[in-house]
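Numbers restart at 1 for each chain; the letters A, B, ... are given by sequence-line order, proteins then strands.
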2 protein chains.
Amino acid sequence: MTENARPGRKRTVGRPPRIAAEQIVDVARRILQEEGVEAVSMRRVAKEVGATPMALYHHVRDKDELLLLTLRGMAATFPRPSLPEDPRDRILTTAVHMHAVLSEVVWVIDVLSLGDLTDKNALWMPEEIIDSAIACGLTPERALHAYRTIWYVVHGALVFHRADTRRAADPDRRPFFPALLTEEDASELPRLTALSADWDELKARYDVAEQLAAVVDGLLGKRG
Amino acid sequence: MTENARPGRKRTVGRPPRIAAEQIVDVARRILQEEGVEAVSMRRVAKEVGATPMALYHHVRDKDELLLLTLRGMAATFPRPSLPEDPRDRILTTAVHMHAVLSEVVWVIDVLSLGDLTDKNALWMPEEIIDSAIACGLTPERALHAYRTIWYVVHGALVFHRADTRRAADPDRRPFFPALLTEEDASELPRLTALSADWDELKARYDVAEQLAAVVDGLLGKRG
DNA sequence: ACCTGAACACCGTTCAAGT
DNA sequence: ACCTGAACACCGTTCAAGT
């Protein structure tokens with residue numbers, strides 16, 4: 001948001017605005033949801049909002065800022081779940097919640113991977129995970145690192161699931177992993193060859209909650 | 001690679017090629033390395049190879065294919081490390097190796113996240129991890145899931161480290177996480193507030209090998 | 001202060017034609 | 001078979017001018 005268009009600032013002189021920053025962001029968010037991040041362009045948003053492309057630049061600094069603004073308030077639309085007592089379970093529930101929320105609004109992950117977290121309403125999740133990890137005996141530093149690792153697993157599950165979905169939708173998709181295994185590879189790559197038979201079913205059975213449970217236990221050092 | 005340009009196919013008629021597919025891929029790879037994925041365009045590659053943009057389409061199907069071809073052979077340039085005896089250690093060493101290799105050629109991760117694995121020389125790594133996980137007592141299916149989770153951690157570490165590097169290089173970077181914490185947040189987000197003081201140092205101390213060790217132990221079920 | 005119009009410097013890709 | 005030229009349908013952003 002540019003300096004002069006910041007909400008709450010009194011506008012006493014000059015031409016009254018014809019389009020509001022919120023309108024722009026709403027349109028961008030709708031395109032994001034309906035057609036994905038690659039369908040969003042300044043020109044497209046401008047057209048749908050009924051203005052020239054350059055009008056947008058009075059409300060947002062550039063395209064990146066517009067995309068980041070679409071995230072604002074998203075976390076608030078999902079109710080904060082009630083968490084269990086046990087700190088280990090609190091971590092797990094929060095992590096699974098992060099994944100669940102983000103897989104309901106798939107476009108968020110696309111925007112998220114190109115910028116920073118801007119939504120303060122989402123910060124209770126790292127806070128909760130770090131706090132619970134400390135309650136489990138980790139130092140604050142180790143707790144932070146553990147949070148990052150958990151986030152990487154959540155992020156990876158979302159990103160690669162999205163990539164799979166896209167590929168499945170692609171009409172003329174190129175040959176990919178299991179297809180490029182030849183007979184000769186069978187001896188060198190026996191495990192992959194064996195698994196490639198029902199690759200898609202196996203992939204579908206990947207259970208994030210289960211994996212996160214194992215990861216959390218590992219990070220908390222609950223091992224013999 | 002288009003049907004008619006496939007290497008090994010005898011070309012007995014027609015105009016001799018002026019540019020080879022390999023030239024195109026080499027130029028693309030150089031731009032990738034020197035300026036990043038967003039600097040690669042069909043027009044730019046064509047110019048540097050001394051041809052019109054459309055000449056490229058005789059050797060590759062589209063831009064995506066060109067990018068995927070740049071990965072071909074990358075894994076072979078890194079020697080396969082000697083692995084320890086213990087299967088748990090083999091998993092860890094392989095995972096750390098994946099991370100080390102990919103952080104030496106940072107552009108690979110950008111290309112990788114938009115497509116599939118095309119380099120057969122890289123497949124020994126999932127094979128090794130899955131095989132060792134089975135040796136540790138996991139079923140093949142659980143071993144595959146464990147591999148995916150490990151890959152997510154490696155991928156996340158690389159992607160977010162790259163995002164940080166980019167942001168650090170950006171001259172007019174926007175305010176991001178620790179900066180947007182206000183005094184009022186301190187009570188609701190005490191852990192994050194406390195950690196935000198030396199955020200950058202903490203981030204720099206994130207040790208992938210250490211995290212992977214914990215994750216692997218969790219995935220192998222080595223807990224009390 | 002807010003918006004328009006024209007322009008700059010790009011994209012990926014298709015299609016018809018040349019050698 | 002391989003390559004060119006022109007064209008289509010786009011991009012993000014700057015700059016000068018209008019109300």
Side-chain angles (χ1 to χ4, degrees), chain A residues 1-24 27-28 31-32 35-69 111 114-115 170-172 174, chain B residues 1-24 27-28 31-32 35-69 111 114-115 170-172 174:
Chain A
M1 223 160 278
T2 48
E3 191 63 26
N4 41 26
R6 186 173 292 163
R9 181 159 157 67
K10 276 183 195 148
R11 213 178 16 73
T12 48
V13 288
R15 187 166 165 174
R18 284 207 341 207
I19 53 169
E22 239 199 282
Q23 261 182 72
I24 299 173
V27 167
I31 298 173
L32 232 19
E35 300 174 56
V37 69
E38 63 285 340
V40 179
S41 73
M42 296 303 268
R43 299 174 115 103
R44 167 83 186 275
V45 171
K47 184 177 279 177
E48 298 214 11
V49 96
T52 54
M54 282 318 298
L56 308 191
Y57 286 86
H58 229 269
H59 301 271
V60 297
R61 176 208 277 201
D62 54 18
K63 190 187 174 184
D64 260 36
E65 185 173 273
L66 174 54
L67 286 173
L68 288 182
L69 284 172
V111 180
L114 61 81
D170 194 14
D172 47 18
R174 326 161 197 274
Chain B
M1 227 160 275
T2 48
E3 191 63 27
N4 41 27
R6 186 173 292 164
R9 182 160 159 63
K10 276 182 196 150
R11 216 178 13 73
T12 48
V13 288
R15 187 167 166 172
R18 285 206 341 207
I19 53 170
E22 237 197 285
Q23 260 180 72
I24 300 173
V27 167
I31 299 174
L32 231 18
E35 300 174 55
V37 70
E38 63 286 339
V40 179
S41 74
M42 296 301 269
R43 299 176 115 103
R44 168 83 185 274
V45 171
K47 184 176 280 176
E48 299 213 11
V49 96
T52 54
M54 282 317 298
L56 308 191
Y57 286 87
H58 229 267
H59 300 271
V60 297
R61 176 208 276 200
D62 55 18
K63 191 188 174 183
D64 260 37
E65 186 173 273
L66 174 54
L67 286 173
L68 288 182
L69 285 171
V111 179
L114 60 82
D170 194 14
D172 47 17
R174 322 157 201 277

Quiz item: Below 4.0 angstrom from OP1 or OP2 of C:dT4, is there any side-chain N or O of A:H58?
Solution: no
Exercise. Take atom P in C:dC10 and the same atom in D:dA9, then report the distance between them in whole Å.
Key: 22 Å
Self-check item: Of the listed nucleotides D:dT4, D:dC15, D:dG12, the one nearest the side chain of A:M54
Solution: D:dC15
Quiz item: When the distance from CG of B:L56 to C1' of C:dC11 is rounded to whole Å, what number comes out?
Solution: 14 Å
Exercise. Using both pair distances under 3.5 Å as the test, note the stems of at least 3 consecutive Watson-Crick or G-U pairs that include DNA chain C.
Key: C:4-8 with D:12-16, C:12-16 with D:4-8
Quiz item: Counting only side-chain N and O atoms of B:T52, is one of them less than 4.0 Å from OP1 or OP2 of D:dC3?
Solution: no
Quiz item: How far apart are the closest heavy atoms of B:L66 and B:M42, and which atoms are they?
Solution: CD2-SD, 4.0 Å
Quiz prompt | Sub-4.5 Å side-chain heavy-atom contact between A:L69 and A:I24 | solution = no
Practice problem: Whole angstrom is fine here: how far is it from CD1 in B:I24 over to P in D:dC2? | Solution: 11 Å
Exercise. Identify which nucleotide among D:dT13, C:dT4, C:dC11 has an atom closest to any side-chain atom of A:A51, counting heavy atoms from C-beta outward.
Key: C:dT4
Quiz item: How long is the line joining NZ of A:K63 and P of D:dT14, in whole Å?
Solution: 15 Å
Quiz item: Which value, rounded to the nearest 0.5 Å, describes the distance between A:T52 atom OG1 and A:R43 atom CZ?
Solution: 10.5 Å
Practice problem: Starting at atom CZ of A:R44, determine the distance to atom P of D:dT13, rounded to an integer number of angstrom. | Solution: 18 Å
Quiz item: B:M42 CE to C:dC10 C1': how many Å, rounded?
Solution: 16 Å
Practice problem: Rounded to the nearest angstrom, tell me the gap between atom CD in B:Q23 and atom C1' in D:dC3. | Solution: 14 Å
Quiz item: What distance, rounded to whole Å, do you find between the two C1' atoms, one in D:dC11 and one in C:dA7?
Solution: 14 Å
Quiz item: Under 4.0 Å between a side-chain N or O of B:H59 and OP1 or OP2 of D:dA1?
Solution: no
Quiz item: In whole Å, what is the span from the NZ atom of B:K47 to the C1' atom of D:dG5?
Solution: 16 Å
Exercise. Can you establish whether the number of heavy atoms outside B:E35 located under 6.0 Å from its atom CD is more than 12?
Key: yes
Quiz item: If you round to the nearest 0.5 Å, how far is CG of A:L32 from CD of A:E38?
Solution: 9.0 Å
Quiz item: B:Y57 has an atom OH; how far is it from atom P of C:dA17, in whole Å?
Solution: 21 Å
Quiz item: Under 3.5 Å, is there a donor-acceptor pair between the side chain of A:D62 and the main chain of A:E65?
Solution: yes
Quiz item: From the list D:dT13, C:dG12, D:dC3, which nucleotide is the closest neighbour of the side chain of A:D62?
Solution: D:dT13
